[in-house]
Amino acid sequence: MDKVRRVISVIVANEAQVLARVSGLFAGRGYNIDSLTVAPIPGSNFSHMTIVTRGNRRVIEQIVKQLHKLIPTFKVIEHEEMVEKEMVLIKFSIESPIAEIQALCQAYNGNIVNAGPDMFIAMAADEASRIAHFIDAVERYQPMEIVRSGVVAMER
């Protein structure tokens, strides 16, 4: 069976050790996490985890079942109909062609977000696959540093 990419949203209690339990579940079974983001849900005692992983249908089903059993998990959503975004920050030398890089940023929902005497930082926020294309496109400008946020997703 072919491996497929899946985005899984998990609502968990906002308490210590929850992240360790979730990552331990993956590590203990030999599953890889491509991306993991966690943030508190405003006005609640819960956090929203977005996990991107790969596996065949049986592996994905097993991951979802194990996440449901994990305490303190309250909800697990594994749907193909999700809106997902990822952000990237890229640092360039001030010698780089700012106008060209800014034009690329705008094509990927981004802009120049910071500048100093010897560098500037560009940002883009888009679907994970488009962020990968953006990074490929700016490689010719020899970025000094690249930091990706990981995927955040919401069910449609």
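Considering only heavy atoms from C-beta on, D126 comes within 4.5 Å of K85 through its side chain. Side-chain contact between S96 and Q142 is absent, with no heavy atoms from C-beta onward closer than 4.5 Å. Looking at I90 and F134, their side chains come closer than 4.5 Å, going by heavy atoms from C-beta outward. The closest side-chain heavy-atom distance from I112 to I121 is not below 4.5 Å.
Within 6.0 Å of atom CG in N45, 12 or fewer heavy atoms from other residues, nucleotides or ligands are found, so the atom counts as exposed in its surroundings.
A salt bridge is defined here as a Lys NZ or Arg NE, NH1 or NH2 lying under 4.0 Å from an Asp or Glu carboxylate O, and R54 with D34 meets this definition.
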Evaluation steps, side-chain contact (heavy atoms from CB on, under 4.5 Å), between F26 and I51: CA-CA 11 Å; F26 278 78; I51 304 166; 3.7 Å; yes
So I11 and T73, side-chain contact (heavy atoms from CB on, under 4.5 Å) or not? Walk me through it. CA-CA 6 Å; I11 307 300; T73 298; over 6 Å; no
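Taken from CD in E84 to OG1 in T37, the straight-line distance is 10.5 Å, to the nearest 0.5 Å. Note that CG of N14 and CD1 of I41 are 8.5 Å apart. Values are rounded to the nearest 0.5 Å. Put simply, CD on Q106 and CG on L104 are 10.0 Å apart, with the number rounded to the nearest 0.5 Å.
Defined by atom type and a distance below 3.5 Å, a donor-acceptor pair is missing between the side-chain atoms of R29 and Q62.
Using cut-offs of 30° and 60° for the angle between ring planes, the F92 and F120 rings count as parallel.
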